[in-house]
Protein chains: 2
Amino acid sequence: MSKCMALLSGLWTPELVWCLSNGARRFSELRRDNPTITAKVLTGRLRDLEARGVLERNVLATSPPSVEYALTSLGRELLPAITSIVEVGSRLLLRETPGKASGGVQPEQANTRAAPKRASQQSTDPDVQMG
Amino acid sequence: MSKCMALLSGLWTPELVWCLSNGARRFSELRRDNPTITAKVLTGRLRDLEARGVLERNVLATSPPSVEYALTSLGRELLPAITSIVEVGSRLLLRETPGKASGGVQPEQANTRAAPKRASQQSTDPDVQMG
DNA sequence: CAGTATCCTTGCGGATACTG
DNA sequence: CAGTATCCGCAAGGATACTG
């Protein structure tokens, strides 16, 4: 279970798979696609995904060496599942992040449970951590 | 993207969602379903999932107080996506973990594909880290 | 360009003890 | 039963510098 879900574990992993969904991309292209990722992490994620059989690494013998990464057939099979989760996730996020200033619905009322004292103050979404 | 995938972030999260897929379960039942989870982590995951709208918490007024957790309708919509990922994941794991070839999750179709290429070493699989 | 190597911080998750 | 409160270790990730 978790072992399977761990396929997409690690920060940036879903983004990278997504970036490759339209075709192969080079290392520097992936860096530009996600401007705040560090080279170290990018390398790590790409190695992980390669080891897991999600993508393939292809070294092109050009004058400045370039490397292309492309999803494998199994890797492409993950895309529908990812979009499904993103779809549900979007609805959830809309529901609980209505808007901060312009007349949004108060999110605290979404649950019919007399909150004892636990103030679920958690609007700040500093950094997501997929795994 | 990651924000949506973060719905299932955190260790044990996929398992918990899965445990609730057949109906509501109590706190101690979830503990028994996953014997090695600690109360702290279980509480944390349940609170997270509740805050994200994936499940609902229901306090039953019994003499020993009991609490039930159940997936919301949106939470249930995650199940097909999870099974999809697990399905692909199983095929990937079978491919790189020789020895357990008898149905963990329904394979549905044996993918007869020769080893794609030189197996990248680095079979480190100490601990999965979904979130 | 496509990475390695190194240091350092963060916080997740485990362990343990305690409570209404 | 259903949690909360603390302490702690460890590894994931960020920052930075360097290489073929």
Side-chain angles (χ1 to χ4, degrees), chain A residues 2 5-6 8-16 19 24-51 55-70 113 115-120 122 124-131, chain B residues 2 5-6 8-16 19 24-51 55-70 120 122 124-131:
Chain A
S2 272
M5 294 298 292
L8 299 173
S9 73
L11 207 48
W12 296 105
T13 304
E15 274 84 352
L16 294 179
C19 288
R25 284 191 86 75
R26 306 224 317 276
F27 189 86
S28 57
E29 291 179 310
L30 291 170
R31 289 190 77 169
R32 265 176 241 114
D33 291 342
N34 327 42
T36 69
I37 196 174
T38 58
K40 173 192 157 192
V41 172
L42 178 53
T43 307
R45 288 296 89 86
L46 291 171
R47 294 287 186 272
D48 292 348
L49 290 171
E50 184 191 8
L55 56 79
E56 273 179 339
R57 185 172 179 268
N58 223 8
V59 180
L60 307 179
T62 59
S63 43
S66 61
V67 182
E68 270 194 353
Y69 295 90
R113 174 166 60 89
K117 65 176 179 179
R118 168 159 43 93
S120 296
Q122 197 184 359
T124 38
D125 201 333
D127 197 11
V128 282
Q129 189 95 352
M130 178 68 199
Chain B
S2 272
M5 295 298 291
L8 300 174
S9 72
L11 206 48
W12 295 106
T13 304
E15 275 85 353
L16 293 178
C19 288
R25 285 192 85 75
R26 307 223 318 275
F27 188 86
S28 57
E29 291 180 309
L30 291 171
R31 289 191 75 168
R32 265 174 240 117
D33 291 342
N34 327 31
T36 69
I37 196 175
T38 58
K40 173 194 155 190
V41 172
L42 177 53
T43 307
R45 288 296 89 86
L46 292 171
R47 293 286 185 275
D48 292 347
L49 291 170
E50 184 191 7
L55 57 79
E56 273 178 339
R57 184 172 180 267
N58 223 9
V59 180
L60 307 179
T62 58
S63 45
S66 61
V67 182
E68 271 194 353
Y69 295 91
S120 304
Q122 199 73 0
T124 327
D125 199 343
D127 196 12
V128 283
Q129 190 93 356
M130 181 64 202

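Letters go in sequence order (proteins before strands), and every chain restarts at 1.
Counting to the nearest Å, the P atom of D:dA2 and the CD atom of B:Glu68 are 9 Å from each other. Here the C1' atom of nucleotide C:dG13 and the CG atom of B:Asp48 are 12 Å apart, to the nearest Å. At whole-Å resolution of the value, CG in A:Asn58 and P in C:dG3 are 12 Å apart. To the nearest angstrom, P of D:dG3 lies 8 Å from CG of B:Leu46. Taking atom CG on A:Leu42 and atom C1' on C:dT4, their separation rounds to 13 Å, with Å as the unit. Taking atom OH of B:Tyr69 as the reference point, atom C1' of D:dG3 lies 8 Å away to the nearest angstrom. Atom C1' of nucleotide D:dA2 and atom CG of B:Leu60 are separated by 12 Å, given to the nearest angstrom. The CH2-P distance, from A:Trp12 to D:dG14, rounds to 7 Å in whole Å.
Using a 4.0 Å cut-off, some side-chain N or O of B:Arg57 falls inside it from OP1 or OP2 of D:dG3. Using a 4.0 Å cut-off, some side-chain N or O of B:Arg26 falls inside it from OP1 or OP2 of D:dA2. Considering only side-chain N and O atoms, B:Ser66 lies nowhere under 4.0 angstrom from the phosphate OP1 or OP2 of D:dC1.
When each of A:Arg47 and A:Pro64 is assigned the nucleotide of DNA chain C with its nearest heavy atom, A:Pro64 is the one assigned upstream, toward the 5' end. Taking the nucleotide of DNA chain D with the nearest heavy atom to each of B:Lys40 and B:Val67, the more 5' of the two is matched to B:Val67. When each of A:Ala39 and B:Arg31 is assigned the nucleotide of DNA chain D with its nearest heavy atom, B:Arg31 is the one assigned upstream, toward the 5' end.
A:Arg25 comes within 4.0 angstrom of no nucleic acid atom, judged by non-hydrogen atoms across all strands.
Of all heavy-atom pairs spanning A:Thr13 and A:Leu49, the tightest one is CG2-CD2, 3.8 Å. The two residues A:Ala24 and A:Glu68 have their closest heavy-atom pair at CB-OE1, 3.7 Å. Looking at every heavy atom in both residues, B:Arg25 comes nearest to B:Cys19 through CD-O, 3.6 Å.
For A:Arg32, the side-chain atoms get nearest to C:dC1 when compared with the rest of C:dC1, C:dT4, D:dC1. If you check D:dA2, C:dG14, D:dT4 against the side chain of B:Ser28, the one that comes closest is D:dA2. Comparing atom distances between the A:Val41 side chain and each of C:dG14, D:dG14, C:dC1 picks out D:dG14 as nearest. Distance from the side chain of B:Arg45 is smallest for C:dG13 among the nucleotides D:dG13, C:dG14, C:dG13. Comparing D:dA2, C:dG14, D:dG13 by their nearest atom to the side chain of A:Leu11 picks out D:dG13.
Pair check for D:dT16 finds C:dA5; Watson-Crick or G-U wobble, both atom distances under 3.5 Å.
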What do the steps show when you test B:Val67 against B:Asn58 for side-chain contact (heavy atoms from CB on, under 4.5 Å), and what is the final call? CA-CA 6 Å; B:Val67 182; B:Asn58 223 9; 5.9 Å; no
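Distance alone, capped at 3.5 Å, is enough to place a donor-acceptor pair between the A:Glu29 side chain and the A:Arg26 backbone.
One distance of note links CD1 of B:Ile37 with CG of B:Leu11; it measures 7.5 Å at 0.5 Å rounding.
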